[in-house]
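Here's the structure we're looking at; comments come further down.
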Amino acid sequence: MPELPEVEVVRAGLAPAVTGARIAAADVLDERALTRHDRTSGAFETLVTGARIDAAVRRGKFLWLPIGAERAIVGHLGMSGQILLRTPDHPGDDRHARIRLHLEHPEHGELRVDFVDQRTFGSLAVDRLVPTIDGEVAGFSADVTGEWARAIPTQVAHIARDPLDPAFSDAGFVAALARRSSGVKRVLLDQGVISGIGNIYADESLWAVRMHPEQQASSISARRSRELLAAVREVLAKALAEGGTSFDAQYVNVNGASGYFVHSLNAYGRAGLPCPRCGTPMVREPFMNRSSHRCPRCQRQRAPRRAAAAGA
DNA sequence: CCCAAAACCTGGCAGC
DNA sequence: TGCTGCCAGGTTTTGG
């Protein structure tokens, strides 16, 4: 599923092809791909047609293409979204194609950007850019010199910086864990605290530091919190280096190729298989209408804190 | 503010 | 073969 590494692979692939390109036309094939588009500002097609794309920027799992200093096309891949670069004459037989952008690039000529999404949790939208709250660069992109660089789409403004962002606050993360009473995995998945982590990399990171997903966040020491953050960074960076994680071709990069990180997973999807560290069979447990994967030996839960004078 | 759970959606697959 | 129901899960919304 697309988490930070997968979205970054898409962004990096898209950037050189779309930067500087003009959008000649847009086809909306399925209105459900525009659920996050606010129509009161105008129709999607009208707003993007004729616009020039200045960059491809990412924060966490959100991706956006600034079109001028005031607006951007915001994309989220949801669970099954893909953004595919194609030649203009590519057959239009894609069953799950939702939106097509026809581009004219001064150097690369004509090309097509297809937003393809089976499960329709993903979306594109035209959104307003607003200044970042801290005045820092909004997200990751090759070029940060444009007017758009320190501006963020309103839809993304509430999303925390991701752990690979130079402006991410390690101390802020430690403090956030310290004041949360819920389980640590829930906090890792909270995009308002730290962005870019989904179910796969949460399980991988927790395995790496031998932490139980339901460990109460506030019970974790500052030192252990920093170890966890370091593990998150390591896991994300490694996945990124390997081109992202994908199963059954749900996720593909802009050229349509799958990532290879699936071969490197230590916890996710390994229920019943031996823990790569100690050999104990891994378990899968229900978690927020989905699953957690962990080693029952390496990742034991510390006794939950009890209220004072509890019991009878 | 904090927390938890439901809702959104499609297609693969197991089980009958 | 064909039906049913579960499962995958990121984000927003809703309710407490």
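Small disclaimer: the values here were computed from a predicted structure and weren't measured. So you know, we letter chains A, B, ... as the sequences are listed, proteins then strands, and number each from 1.
Under the 30°/60° scheme for interplanar angles, the aromatic rings of A:Phe168 and A:Phe173 are found to be tilted.
A:Glu8 contributes no side-chain N or O that, together with a main-chain N or O of A:Arg58, makes up a donor-acceptor pair within less than 3.5 Å. Under a 3.5 Å cut-off, the side chain of A:Glu45 and the backbone N or O of A:Asp27 do not form any donor-acceptor pair.
The separation between A:Leu188 atom CG and C:dT11 atom P is 14 Å, rounded to whole Å. Atom CZ of A:Arg186 and atom C1' of B:dC3 are 7 Å apart (whole Å). Nucleotide C:dC7 holds its C1' atom 13 Å from the CD atom of A:Gln118, rounded to whole Å. Going from atom CZ of A:Phe287 over to atom C1' of C:dC7 covers 17 Å, rounded to whole Å. Rounded to an integer number of Å, the gap from A:Met288 CE to B:dA5 P is 9 Å. Protein atom CG of A:Leu189 is 15 Å distant from nucleotide atom C1' of C:dT12, rounded to whole Å. Here B:dA5 presents its P atom at 12 Å from CZ of A:Arg290, a figure rounded to the nearest Å. With rounding to whole Å, A:Asp117 atom CG is found 19 Å from C:dA8 atom P.
With sequence neighbours left out, A:His90 forms a ring pair (Phe, Tyr, Trp, His ring centres under 6.0 Å) with no residue at all. The side chain to side chain donor-acceptor pair (under 3.5 Å) test applied to A:Arg290 returns no partner, not counting sequence neighbours. For A:Ser291, the side chain to side chain donor-acceptor pair (under 3.5 Å) partners two or more places apart in sequence, or in a different chain, are A:Arg284.
A:Gln155 pairs with exactly one of A:His37, A:Arg128, A:Arg36 by the side chain to side chain donor-acceptor pair (under 3.5 Å) rule, that one being A:Arg36.
For A:His96, the listed nucleotide lying nearest its side chain is B:dG11; candidates were B:dC2, C:dG10, B:dG11. Side-chain proximity of A:Arg284 to the nucleotides B:dC9, C:dT11, C:dC7 is greatest for C:dC7. Comparing atom distances between the A:Phe62 side chain and each of B:dC3, C:dT12, B:dC9 picks out C:dT12 as nearest.
The environment of CZ in A:Arg233 is crowded: more than 12 heavy-atom neighbours from other residues, nucleotides or ligands sit within 6.0 Å. A:Glu285 CD: more than 12 foreign heavy atoms inside a 6.0 Å radius.
When the side-chain nitrogen and oxygen atoms of A:His76 are compared with OP1 and OP2 of C:dG10, none of them lie within a distance under 4.0 Å. In terms of phosphate contacts, A:His158 brings a side-chain nitrogen or oxygen within less than 4.0 Å of OP1 or OP2 of C:dT12. Checking the phosphate oxygens (OP1, OP2) of B:dC2, no side-chain nitrogen or oxygen of A:Arg180 falls inside 4.0 Å.
Under a hydrophobic clustering in which Ile, Leu, Val, Met, Phe, Trp and Tyr are joined whenever their side-chain heavy atoms come within less than 4.5 Å, directly or via other members, A:Val10 and A:Val57 fall into different clusters.
Salt bridge annotation for A:Glu227-A:Arg223: present, with a cationic side-chain nitrogen under 4.0 angstrom from a carboxylate oxygen.
For the contact set between residues 32-45 of chain A and DNA chain B, defined by any heavy atom under 4.0 Å, the members are A:Arg32.
An angle of 50°, rounded to 10°, separates the two end axes of the helix from B:dC2-C:dG16 to B:dC16-C:dG2, each defined over five pairs.
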Between protein and nucleic acid, restricted to nucleotides 13-16 of chain C and to nitrogen or oxygen atoms under 3.5 Å apart, what atom pairs and distances do you find?
none

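Summary of the strand contacts: A:Phe121 and A:Arg95 both lie near DNA chain B, and taking for each the nucleotide with the nearest heavy atom, the more 5' one is attributed to A:Phe121. Between A:Gln191 and A:Ser291, the residue anchored closer to the 5' end of DNA chain C is A:Ser291, taking for each the nucleotide with the nearest heavy atom. In terms of position along DNA chain B, the nucleotide closest to A:Arg179 lies nearer the 5' end than the nucleotide closest to the other residue of the pair A:Asn289 and A:Arg179.
Of the N and O atoms on the side chains of A:Asp30 and A:His96, not one donor lies less than 3.5 Å from an acceptor on the other residue.
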